[in-house]
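Scroll down for the structure; my scribbles are underneath it.
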Amino acid sequence: MRLKKRDYVQNAVTMAKALLGMTLCRRLDDGSVLRARIIETEAYFGEEDTACHAHKGRTPRTDVMYMAGGHAYVYLCYGMHEMLNIVTGPADHPEAVLIRGIECATGPGRVTKAMRVSRALNRENMVSSKRLWIESDGKCTKFKASARIGIGYASRRDQSRKWRFIVTP
DNA sequence: TCACGGATTCGT
DNA sequence: CGAATCCGTGAT
């Protein structure tokens, strides 16, 4: 079943775990649909999380994270990689889940390449979009938690949080 | 207008 | 493990 708005309006850490095993769906311009099982995620939680892009407050870039859960936040990293995040939580509290891996593509840059996701989908409403959404079969998935990657700029405390989640076989 | 640096990737 | 890569962001 396709996720509804209420499914997205929850804590990003909870959502990051829940998204494991769910299916990321992408309809291309030619009508074909790409589907992939999500196997790795990371949570970014609010201005209090120094690893979160929104920790310095609301800016043109982070504005989308302040929208209600269910929107896509896509940005360019290292000048060359597009990153797909799912905005979660209530409006005005910036939270998001980075999709780090799908079956047959690990690494956030590879995920967007495989699923043909670009910044053109930034701010997309995944509740109503015909181009990007998520489906769940309701099943639980086992996973392991570890520290987030590539956040050396964050506080030691936030670097140590185990907010990276990977499906276990 | 411009200096800074990054939620990475790939090859060795 | 280290270099490539380069545009966007955010402040001036």
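Note on naming: letters A, B, ... go to the chains in the order of the sequence lines (proteins, then strands), and numbering restarts at 1 for each one. Below, all heavy atoms of this structure are taken into account, side chains as well, without hydrogens, waters or symmetry copies.
- Here the P atom of nucleotide C/dT5 and the CD atom of A/Glu82 are 18 Å apart, to the nearest Å.
- For the pair A/Arg26/A/Val117, a side-chain contact is recorded, criterion being any heavy-atom separation below 4.5 Å from C-beta on.
- Following rounding to the nearest Å, A/Leu98 (CG) and B/dT8 (C1') show an atom-to-atom distance of 11 Å.
- Base-pair partner of B/dT8: C/dA4 (Watson-Crick or G-U wobble, both distances under 3.5 Å).
- The phosphate of B/dA7 (OP1 or OP2) has a side-chain N or O of A/His53 nearer than 4.0 angstrom.
- For the pair A/Arg61 CZ and B/dG6 P, the interatomic distance rounds to 10 Å; values are reported in whole Å.
- The aromatic rings of A/His55 and A/Tyr153 sit parallel to each other, their planes meeting at less than 30°, with 60° as the upper class boundary.
- The interatomic distance linking A/Asp63 (CG) with C/dG10 (P) rounds to 11 Å, in whole Å.
- Heavy atoms of A/Arg148 sit nowhere under 4.0 angstrom from any nucleic acid atom.
- Looking at the side chain of A/Leu76, the nearest of the listed nucleotides B/dA7, C/dC7, B/dC10 is C/dC7.
- Going from atom CD1 of A/Ile149 over to atom P of C/dC1 covers 14 Å, rounded to whole Å.
- Remark: P of C/dA11 and NZ of A/Lys56 are 8 Å apart, rounded to the nearest angstrom.
- C/dG10 and B/dT8: their C1' atoms are spaced 22 Å apart (whole Å).
- Ranked by how close their nearest DNA chain B nucleotide is to the 5' end, A/Met65 and A/Lys113 are led by A/Met65.
- Side-chain atoms of A/Pro108 lie closest to B/dT9 of the nucleotides B/dT9, B/dC10, B/dG6.
- Taking atom CD of residue A/Gln159 and atom P of nucleotide B/dG6, one finds them 11 Å apart after rounding to whole Å.
- Without hydrogens or angle criteria, A/Arg2 side chain to A/Val127 main chain gives a donor-acceptor distance under 3.5 Å.
- Judged by the 6.0 Å distance and 45° axis criteria, A/Arg61 is positioned over the aromatic ring of A/Tyr75.
- The gap from the C1' atom of C/dC6 to that of B/dT12 amounts to 23 Å, rounded to the nearest Å.
- Residue A/Thr59 places at least one side-chain N or O under 4.0 Å from the OP1 or OP2 atom of C/dG10.
- To the nearest angstrom, P of B/dT8 lies 10 Å from CD of A/Glu40.
- Atom C1' of C/dG8 sits at a distance of 23 Å from the matching atom of B/dC10, rounded to the whole Å.
- Between A/Phe165 and A/Val13 there is a side-chain heavy-atom pair separated by less than 4.5 Å.
- Each of A/Met80 and A/Arg119 has a nearest nucleotide on DNA chain C; the 5'-most of these lies closest to A/Met80.
- Regarding contacts with the backbone of B/dG5, every side-chain N or O of A/Tyr78 stays at 4.0 angstrom or more from both OP1 and OP2.
- Contact between A/Pro90 and A/Glu95 at its shortest, heavy atoms only, is CD-OE2, 3.9 Å.
- Where stacking is scored as ring centres under 5.5 Å apart with planes under 30°, A/Tyr44 registers as stacked on the base of B/dA7.
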